[in-house]
Peer 1: 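Below is a structure I'd like to ask you about.
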Amino acid sequence: MRILVCISHVPDTTTKVKFAENNTRLDQTGIQWVINPWDELSLTRALELKDDAGNGVESVSVAHVGPVSAEPTIRKALAIGADAAFRVDAEPRDAYQVAAQLKKIFETAAFDIILCGIESSDYNGSNVGSMLAEMLDLPSVSAISGLRIENGAIIVTREIDGGKEQLSVEVPFVGIVQKGIAKEPRIASMRGIMQARTKPIQLIEPAPAEPLTAISTFDPPKPRAACKFADPENPAQLIEWLQNEAKVL
Amino acid sequence: MSVIVYTENWDGKFKKLSYELVSYAVKLAEMLQTQAIALSIGDVDDQELKTLGRYGIGRIIQLDRGPLSHFDSQAYARLIADTASKENANVLIMANNNAGKSLAPRVSVRLKAALASGVNQLPVSLQPFLVSKRVFSGNAFAQMELKTDTRILTLAQNSFDLAENPADPVIERSVASLEAPPSGTRVLDIQKQSGKTLLTDAEIVVSGGRGMKTPDNWAPLVELAELLGGATACSRPVSDEGWRPHEEHTGQTGKIIAPNLYFAIGISGATQHLAGISSSKYIVAINSDKDAPIFEAAQYGIVGDASKVLPALVEAVKKMKS
Ligand SMILES: Cc1cc2nc3c(=O)[nH]c(=O)nc-3n(C[C@H](O)[C@H](O)[C@H](O)COP(=O)(O)OP(=O)(O)OC[C@H]3O[C@@H](n4cnc5c(N)ncnc54)[C@H](O)[C@@H]3O)c2cc1C
Ligand SMILES: Nc1ncnc2c1ncn2[C@@H]1O[C@H](COP(=O)(O)O)[C@@H](O)[C@H]1O
């Protein structure tokens, strides 16, 4: 069993996002890039599965579509424990174009389980994983919060409205991962960091795919009205405002 | 030309979300001077389908279950894409919920149609086709251009008001047909908890953070939610500690919700928490620290001790109700 974890990197969530050139692009100065939180969890789960020899996981690889400046992110994933990495040397422009690049990685080296995160915390697309599955004509299961291997069969758990569902999936398949897949993201050990230096990052030529969308401008959210305070001794006042002013009760 | 809206059903019933989508599709079809068509897949009876007519839909395509045993995104995406092609859709509308998130990207690939997810208003312009969507977990919005002739939009829940506009829809029923239904997934087990208002459906959400102090203090919070017909939620540390179940965790790494009213009780208002709730119409904060960042996001607040304020709020709501 071979696992591929697709990783994107995103501005650290505490970054104050700013825009440049008349709000047409993200101002990258001072941004700390981190592995997208769900991808970190997918990688953690993939490594946990590999740790248990009974699961028969041969290797865990990571895939990234991005320019050379993204290599620190890839090295970090290798330091956490991935065996190998693939990078498509292309500027990510939209989900469609990125999925087409990831497809090329799959065609270069076969995998049984491909994991993507439920969304990138920057553009909040939630698109790449299912697009990739469709491009590869593979089954996928979205929003999975559990993944295990039982006698060679893949069992996933997904949250449905007001409950949980267990499914078996044929490989190869694309799993789109949400919270719960792993408890805490695994962190790199000193030894991992040393080993990562010599692990291979295979460079892949971009596939000819054009994006279907483009962001023209960014707008900061409209400031909310200042908070109106009710007297703590008289919470009924708050209820009255909610009822008659906001009209939400 | 047409605007197609995929209306998901839950055991044969629609939810408010479905009606929001229909209201939006009807408005958009007006802007585009074309007709809106609802597409529904599964076991839905005529009476239920007719309820979509309240929001102005004139035509409904109902595909009965046929070979489909359960929700499989690969199979459903084919049916939706086929219908969109047949009806010459120039816009396809879906929900930005789990089902929509798993279907829309697949349909986008099948039709090579540009996709914008989490759209929160009608298009900003039709030529070029520009929509506004949430980015950076609610810290900004982006105007996104969809560059193909067919476009797909998934709509952020609770962003649109229902628009009543009664119509008597024509229902066209056929059986979902797929040459070779994909069989990659098989359901082994379903565990359902029933009765409770689902967090993602709730119009009022009462949420507690570490300021609630201990898991034993939740009774008045739950009572407040019940009195208001709402759902309960919590911050991440609260679910990490096991004070509350994981399904209640809201925020960047938990659920993203947009109720009409969100009570943040003993929650500091970290950006990662706000990422999950900032699209709420109204935020009410109750916090003992007047400088807590949650008050910058809230429209209404009380500076005070949750253990005192909550029971008083419960009393005030009871009084309001009586
Ligand atoms: C990558 C990443 C992702 C994250 N994702 C999420 C997420 O999805 N959701 C999330 O919630 N967090 C998330 N976090 C954690 C987030 O940064 C905060 O740590 C968390 O939201 C704080 O939870 P809290 O407000 O309950 O607790 P605290 O920050 O400890 O705040 C408690 C609040 O209660 C108030 N208080 C104390 N006593 C009382 C009292 N008696 N009455 C009233 N108020 C009182 C305090 O003044 C304080 O404001 C994430 C963090 C990271 C790094
Ligand atoms: N540039 C990228 N390289 C590799 N994987 C990516 C990239 N962008 C997105 N992904 C994957 O797709 C998931 C969802 O991203 P998105 O559709 O952009 O919200 C991420 O969690 C990653 O697993």
Peer 1: May I ask you to check if K15(B) and W10(B) form a cation-pi contact, with NZ or CZ under 6.0 angstrom from the six-membered ring centre and within 45° of the axis?
Peer 2: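 Flagged: K15(B) positioned over aromatic ring of W10(B).
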
Peer 1: At a 4.5 Å cut-off on heavy atoms, which part of I190(B) comes close to chain A: side chain, backbone, both, or neither?
Peer 2: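 When you check distances to chain A, atoms from both the backbone and side chain of I190(B) fall under 4.5 Å.
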
Peer 1: Please flag which part of K133(B) lies under 4.5 Å from any non-hydrogen atom of chain A: side chain, backbone, both or neither.
Peer 2: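 Side chain of K133(B) only, per the 4.5 Å heavy-atom cut-off to chain A.
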
Peer 1: Take K101(B) and N96(B) through the side-chain contact (heavy atoms from CB on, under 4.5 Å) test and state the conclusion after the steps.
Peer 2: CA-CA 6 Å; K101(B) 282 181 194 173; N96(B) 192 42; 3.7 Å; yes

Peer 1: Select one option (side chain, backbone, both, neither) describing which atoms of L242(A) are under 4.5 Å from chain B's heavy atoms.
Peer 2: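 Looking at L242(A), just its side chain touches chain B.
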
Peer 1: Run the salt-bridge test on R78(B) and D72(B) with the 4.0 Å N-O cut-off and return the result as yes or no.
Peer 2: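 Judged by the 4.0 Å cut-off on N to carboxylate O distance, R78(B) and D72(B) do not form a salt bridge.
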
Peer 1: Heavy-atom pairs under 4.5 Å with chain A: which of A316(B), A142(B), P105(B), A75(B) has the most?
Peer 2: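 Counting heavy-atom pairs under 4.5 Å, the top option is P105(B).
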
Peer 1: Check whether E159(A) gets within reach of chain B through its side chain, its backbone, both or neither, counting any heavy atom under 4.5 Å.
Peer 2: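 Contact with chain B involves both backbone and side-chain atoms of E159(A).
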
Peer 1: Run N127(A) and E119(A) through side-chain hydrogen bond (donor to acceptor under 3.5 Å, both in side chains) and show every step you take.
Peer 2: CA-CA 7 Å; N127(A) 296 335; E119(A) 69 166 29; over 6 Å; no

Peer 1: Verify the distance criterion only: is there a donor paired with an acceptor across the side chains of D12(A) and T14(A) at less than 3.5 Å?
Peer 2: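 On atom types as modelled, these side chains qualify, holding a pair under 3.5 Å.
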
Peer 1: Where does A214(A) contact chain B at under 4.5 Å (heavy atoms): side chain, backbone, both or neither?
Peer 2: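 Interface part for A214(A): both.
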
Peer 1: In terms of heavy-atom proximity below 4.5 Å to chain B, should D137(A) be classed as side chain, backbone, both, or neither?
Peer 2: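 Answer is both: backbone and side chain atoms of D137(A) are under 4.5 Å from chain B.
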
Peer 1: Pick one of side chain, backbone, both or neither for F71(B), based on which atoms fall under 4.5 Å of a heavy atom in chain A.
Peer 2: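 For F71(B), the contact with chain A is made by backbone and side chain together.
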
Peer 1: Under 4.5 Å heavy-atom distance to chain B, tell me which part of V169(A) shows up: side chain, backbone, both or neither.
Peer 2: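 Contact with chain B is through both the backbone and side chain of V169(A).
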
Peer 1: Using side-chain heavy atoms (C-beta onward) and a distance below 4.5 Å, is P37(A) in contact with T253(B)?
Peer 2: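 Result yes, sub-4.5 Å side-chain heavy-atom pair found.
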
Peer 1: Ignoring hydrogens and geometry beyond distance, is a side-chain donor-acceptor pair present between K179(A) and H246(B) at under 3.5 Å?
Peer 2: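 Indeed, the side chains of K179(A) and H246(B) share at least one donor-acceptor pair under 3.5 Å.
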
Peer 1: Is it the case that D305(B) and S307(B) place a side-chain donor and acceptor less than 3.5 Å from each other?
Peer 2: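 The criterion, which ignores hydrogens and geometry beyond distance, is satisfied for S307(B) and D305(B).
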
Peer 1: Who among T200(B), L115(B), V317(B) has the most heavy-atom pairs with chain A under 4.5 Å?
Peer 2: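 Option with the top pair count is L115(B).
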
Peer 1: With a 4.0 Å cut-off on N to O distance, would you call R148(A) and E150(A) a salt bridge?
Peer 2: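 Counted as a salt bridge, because a side-chain N and a carboxylate O are separated by less than 4.0 Å.
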
Peer 1: Check whether the side chains of E203(B) and N158(B) place a donor and an acceptor atom closer than 3.5 Å, and report yes or no.
Peer 2: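 The answer is no; no qualifying pair exists.
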
Peer 1: For each of Q74(B), R110(B), R106(B), R134(B), tally heavy-atom pairs with chain A at distances under 4.5 Å, and name the one with the top tally.
Peer 2: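 Looking at each of Q74(B), R110(B), R106(B), R134(B) in turn, R106(B) comes out on top.
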
Peer 1: Let's test your reading of the structure: which of H249(B), K255(B), K308(B), E247(B) forms the most heavy-atom pairs below 4.5 Å with chain A?
Peer 2: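 When all of H249(B), K255(B), K308(B), E247(B) are compared, H249(B) has the most.
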
Peer 1: Against chain B, work out which of E240(A), Q178(A), R158(A) has the most heavy-atom pairs shorter than 4.5 Å and name it.
Peer 2: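 When all of E240(A), Q178(A), R158(A) are compared, R158(A) has the most.
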
Peer 1: What part of I176(A) lies closer than 4.5 angstrom to a heavy atom of chain B: side chain, backbone, both or neither?
Peer 2: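 Neither part, no heavy atoms under 4.5 Å.
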
Peer 1: Where on Q191(B) is there a heavy atom nearer than 4.5 Å to chain A: the side chain, the backbone, both, or neither?
Peer 2: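 Contact with chain A is through both the backbone and side chain of Q191(B).
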
Peer 1: With respect to chain A, which residue among H70(B), M144(B), R186(B) yields the maximal number of heavy-atom pairs within a distance under 4.5 Å?
Peer 2: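 Greatest number of close heavy-atom pairs with chain A: R186(B).
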
Peer 1: Quick one: what part of S288(B) sits under 4.5 Å from any heavy atom of chain A, side chain, backbone, both or neither?
Peer 2: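 Looking at S288(B), nothing touches chain A.
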
Peer 1: Pick one of side chain, backbone, both or neither for A226(A), based on which atoms fall under 4.5 Å of a heavy atom in chain B.
Peer 2: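 Backbone of A226(A) only, per the 4.5 Å heavy-atom cut-off to chain B.
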
Peer 1: Under 4.5 Å from any heavy atom of chain A, what part of V284(B) do you find: side chain, backbone, both or neither?
Peer 2: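 Only the side chain of V284(B) comes within 4.5 Å of chain A.
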
Peer 1: What residue in S108(B), G184(B), A113(B), G304(B) has the most heavy-atom pairs under 4.5 Å with chain A?
Peer 2: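 Among S108(B), G184(B), A113(B), G304(B), the one with the most close pairs to chain A is G184(B).
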
Peer 1: In terms of heavy-atom proximity below 4.5 Å to chain B, should I155(A) be classed as side chain, backbone, both, or neither?
Peer 2: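 Just the side chain, heavy atoms under 4.5 Å.
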
Peer 1: What part of K281(B) gets within 4.5 angstrom of chain A, counting heavy atoms only: side chain, backbone, both, or neither?
Peer 2: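 Backbone only.
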
Peer 1: Taking side chain as C-beta onward, heavy atoms only, is I265(B) less than 4.5 Å from L310(B)?
Peer 2: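 Yes, at least one pair of side-chain atoms sits under 4.5 Å.
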
Peer 1: Taking the six-membered ring for Trp, are W33(A) and H9(A) parallel (under 30°), tilted (30 to 60°) or perpendicular (over 60°)?
Peer 2: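 Taking H9(A) first and then W33(A), their aromatic rings lie parallel (interplane angle under 30°).
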
Peer 1: Is it the backbone or the side chain of L103(B) that comes under 4.5 Å from a heavy atom of chain A, or both, or neither?
Peer 2: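 Nothing of L103(B), per the 4.5 Å heavy-atom cut-off to chain A.
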
Peer 1: Among S121(A), A230(A), C227(A), A225(A), who wins on heavy-atom pairs under 4.5 Å with chain B?
Peer 2: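 Option with the greatest count: C227(A).
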
Peer 1: Is the shortest side-chain heavy-atom distance between F14(B) and E8(B) below 4.5 Å?
Peer 2: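 Side-chain contact under 4.5 Å: no.
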
Peer 1: Chain A heavy atoms under 4.5 Å from T271(B): which part of the residue, side chain, backbone, both or neither?
Peer 2: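 Answer is side chain: those atoms of T271(B) sit under 4.5 Å from chain A.
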
Peer 1: With a 4.5 angstrom heavy-atom cut-off, could you sort out which part of V141(A) is near chain B: side chain, backbone, both or neither?
Peer 2: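 Side chain only.
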
Peer 1: So, S8(A) versus S120(A): side-chain donor-acceptor pair below 3.5 Å or not?
Peer 2: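 A donor-acceptor contact under 3.5 Å links the two side chains.
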
Peer 1: Please determine, by modelled atom types, if D94(A) and T213(A) share a side-chain donor-acceptor pair under 3.5 angstrom.
Peer 2: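 Yes - a donor-acceptor pair under 3.5 Å links their side chains.
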
Peer 1: By a 4.5 Å heavy-atom criterion (distance strictly below it), what part of L313(B) contacts chain A: side chain, backbone, both, or neither?
Peer 2: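 For L313(B), the contact with chain A is made by backbone and side chain together.
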
Peer 1: Looking only at heavy atoms and a cut-off of under 4.5 Å, which of D122(A), V10(A), V248(A), L26(A) has the most pairs with chain B?
Peer 2: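 Heavy-atom pair counts peak at D122(A).
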
Peer 1: Does any part of the side chain of E134(A), heavy atoms only, come nearer than 4.5 Å to the side chain of L132(A), both counted from C-beta?
Peer 2: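 They are not in contact (no side-chain heavy atoms under 4.5 Å apart), so the answer is no.
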
Peer 1: Charged N to carboxylate O under 4.0 angstrom, E210(A) versus K147(B)?
Peer 2: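 No, E210(A) and K147(B) are not salt-bridged.
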
Peer 1: Taking the side chain as every heavy atom from C-beta outward, state whether S132(B) and N120(B) have any pair of such atoms under 4.5 Å apart.
Peer 2: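 Yes, at least one pair of side-chain atoms sits under 4.5 Å.
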
Peer 1: With respect to chain B, which residue among Q166(A), E170(A), K16(A) yields the maximal number of heavy-atom pairs within a distance under 4.5 Å?
Peer 2: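 Option with the top pair count is Q166(A).
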
Peer 1: Which answer fits T185(B), side chain, backbone, both or neither, if we ask what part of it has an atom under 4.5 Å from a heavy atom of chain A?
Peer 2: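 It is both, since atoms from each part get that close.
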
Peer 1: Heavy-atom distances under 4.5 Å only: say whether L261(B) touches chain A with side chain, backbone, both or neither.
Peer 2: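 Side chain only.
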
Peer 1: Please classify the contact between L41(A) and chain B as side chain, backbone, both or neither, with a heavy-atom cut-off of under 4.5 Å.
Peer 2: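 When you check distances to chain B, no heavy atom of L41(A) falls under 4.5 Å.
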
Peer 1: Of the listed residues (S168(A), P139(A), G180(A), S140(A)), which shares the most heavy-atom pairs with chain B below a 4.5 Å separation?
Peer 2: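 So the answer, after comparing S168(A), P139(A), G180(A), S140(A), is S168(A).
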
Peer 1: For I256(B), is it the side chain, the backbone, both or neither that has a heavy atom under 4.5 Å from a heavy atom of chain A?
Peer 2: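 Side chain only.
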
Peer 1: Could you tell me if the ring centre of Y300(B) sits under 6.0 Å from that of F229(A)?
Peer 2: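 Distance test on ring centres: not under 6.0 Å, no.
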
Peer 1: Looking at K104(A) and E107(A), does any basic side-chain N land under 4.0 Å from a carboxylate oxygen?
Peer 2: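 Salt bridge absent between K104(A) and E107(A).
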
Peer 1: Contact part of A285(B) toward chain A, heavy-atom cut-off under 4.5 Å: side chain, backbone, both or neither?
Peer 2: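 A285(B) has no heavy atom closer than 4.5 Å to chain A.
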
Peer 1: For the atom pair CG (L43(A)) and CZ (R186(A)), what is the distance rounded to the nearest 0.5 Å?
Peer 2: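 Going from the CG atom of L43(A) to the CZ atom of R186(A) covers 8.5 Å.
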
Peer 1: For F173(A), is it the side chain, the backbone, both or neither that has a heavy atom under 4.5 Å from a heavy atom of chain B?
Peer 2: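 Neither part; nothing is under 4.5 Å.
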
Peer 1: Looking at G163(A), P235(A), A236(A), which makes the most heavy-atom pairs under 4.5 Å with chain B?
Peer 2: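 Sorted descending by pairs with chain B, the first entry is P235(A).
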
